[in-house]
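Lettering of chains follows the sequences in order, A, B, ..., and the numbering in each one begins at 1.
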Amino acid sequence: MSLGDIPIKVDFDAGPQPDAGLNTAMVMALLQEIATHLNDVANGGERQVVELGNLPLSDADIVLLEQKLGRGEVHATVSAAGPSEIYETTFPGLWWVKYFNDAESLVSQQLEIGPAPMILEAHRVDIEDSAQRFPALFDSPELFASPETESP
Amino acid sequence: MKEQELTLGEELRRQGISRRSFLKFCAAVASSMAIPASMVPAMAESLAKARRQSVIWMSYQECTGCIESLTRSYTPTLESMLFNFISLDYQHALQAAAGRQAEDALHQAMEDNWGEYLVIADGSIPLKDDGVYSTVDGHTNLESIKEVAEGAAAIIAIGTCAAYGGVGAAKPNPTGAVGVDQIITDKPILNVPGCPPMPEVMTGVLTSYLAFGRLPDVDSKKRPLAFFGDTIHDRCYRRPYYDLGLYAKSFDDEGARKGWCLYELGCKGPITYNACATTKWNQGTSWPVQSGHGCIGCSEPNFWDKDSFYKPLSAGQWGSAEGIAIAAAAGVAAGAAAAVVSRKHQDNLAGGNKS
């Protein structure tokens with residue numbers, strides 16, 4: 001068989017991409033998994049994370065999932081090593097977390113089940129650093145300026 | 001304090017970078033390596049305590065495709081690895097130094113980090129005629145790998161060539177090319193095959209080495225299970241059509257466009273272990289099967305010599321035993337029937353595409 005035998009034609013109006021418009025059975029399986037995690041966390045269990053990037057979800061699956069989970073009360077953006085977008089779904093405790101890299105392309109997309117997503121919490125080491133740096137504020141000259149000395 | 005004496009956490013703190021960056025970085029890597037998300041905080045902790053890792057990259061009989069691929073990594077990016085986590089002390093294509101300076105840098109790095117540096121090798125190593133077919137700085141690749149391996153903590157063989165001989169070892173293998181583990185037997189070796197390997201697999205393996213201080217768990221071909229634990233077929237979005245017995249009959253026919261299974265067009269997905277189906281290529285844009293072409297099995301040993309990329313598994317040398325066993329194990333009557341049909345179809349294709 002030579003290259004010439006491979007039946008290829010280029011058609012730029014070939015219609016929908018193979019990955020679009022078709023739902024797989026994955027969404028149902030995923031919803032079942034989330035239900036289990038929500039139950040666990042509701043009963044005091046540890047935080048759970050479901051990585052969406054590892055699942056064979058079609059684009060249509062993601063859209064369907066977004067529709068079903070909806071958007072709730074909280075929406076947050078974190079600026080650390082590129083932006084991260086977090087929102088709570090209509091189910092409190094079920095968070096949709098999107099990590100972007102510096103070029104703002106999506107690197108990881110996760111569903112996190114717990115009181116708050118881990119990326120929102122400040123790390124103890126960073127809080128220690130704050131505690132060290134904070135007293136420097138006491139030396140701010142503005143703090144010593146009284147209204148009397150400022151007025152002419 | 002010298003830069004290499006600081007932990008990565010201290011180094012980044014000096015740049016005003018918070019632990020959130022570590023957490024995010026680890027979350028992204030953990031996700032691609034199927035590391036449970038519950039381990040991410042611990043992974044971030046230990047990565048912050050690690051020190052900058054010396055990496056020595058040796059290039060042998062290779063095409064530079066592996067490093068080209070690595071520079072396209074986006075999660076994490078190669079830049080973030082280089083700026084924050086590793087010290088790439090020797091790499092032909094990327095380093096500024098050349099000639100004697102470059103070779104001196106190699107030996108300096110080996111001396112400074114003896115017993116602790118990580119060797120990455122790409123390309124096969126020729127053994128025939130004392131290895132004269134590939135030399136750098138007057139030394140054969142065979143001498144070179146033995147020399148750098150001696151002081152290495154571990155070796156990562158990048159690409160199908162360094163792992164199994166690859167293209168260089170394709171019949172009739174004129175240079176007697178072999179993979180690294182045919183020569184070095186007393187060091188931990190990890191294979192990251194692929195032609196080229198996936199960029200995120202390379203950076204993911206490096207990160208996990210930094211965070212956990214050891215190479216990840218591997219399969220029988222020394223590949224990291226995190227990325228090579230499933231076949232392409234297991235994770236393929238066209239898989240539901242295989243189960244339904246719906247197959248594309250020629251490239252770009254109606255079925256192919258609808259996303260039907262490419263088995264009959266020669267897809268090697270059922271017996272190829274790699275992460276393409278979920279990690280995808282070019283920042284998650286697409287991957288071969290999504291663009292309509294079957295998997296060619298580039299992360300498997302000797303993929304060049306296993307007959308046509310366009311013969312169904314059931315007809316080629318790939319499938320003679322293992323492939324058919326797997327197709328049967330799928331337990332789908334439609335699939336098994338299709339294997340028979342596909343042989344007929346293949347005969348038609350081979351006979352000049354008159355089907």
Nearest heavy-atom pair of A:Ala80 and B:Arg20: which atoms, and what distance? CB-CB, 3.9 Å
Atom CD of residue position A:Glu128 - does it have more than 12 heavy atoms of other residues, nucleotides or ligands inside 6.0 Å? yes
Result of checking A:Val125, A:Asp126, A:Val78, A:Asp129 against B:Ser18 for side-chain contact (heavy atoms from CB on, under 4.5 Å): A:Asp126
Close side-chain approach of A:Met118 and B:Pro41, heavy atoms under 4.5 Å: yes
Pair B:Lys24-A:Ser84, side chain to side chain contact (heavy atoms under 4.5 Å, CB included): steps then yes or no: CA-CA 9 Å; B:Lys24 182 176 164 183; A:Ser84 305; 3.5 Å; yes
Quick check on B:Ala277 against chain A: is it the side chain, the backbone, both or neither that has a heavy atom closer than 4.5 Å? neither
Does B:Glu254, at its CD atom, have more than 12 non-hydrogen atoms belonging to other residues, nucleotides or ligands within less than 6.0 Å? no
Name the region of A:Glu112, side chain, backbone, both or neither, that has any atom closer than 4.5 Å to a heavy atom of chain B. neither
Considering only heavy atoms, which portion of A:Leu52 lies under 4.5 Å from any heavy atom of chain B: side chain, backbone, both, or neither? neither
Pair count under 4.5 Å, heavy atoms only, with chain A: among B:Val40, B:Thr279, B:Asp253, B:Thr278, highest is B:Thr278
Bottom line for B:Glu45: the part with an atom under 4.5 Å from chain A's heavy atoms is side chain
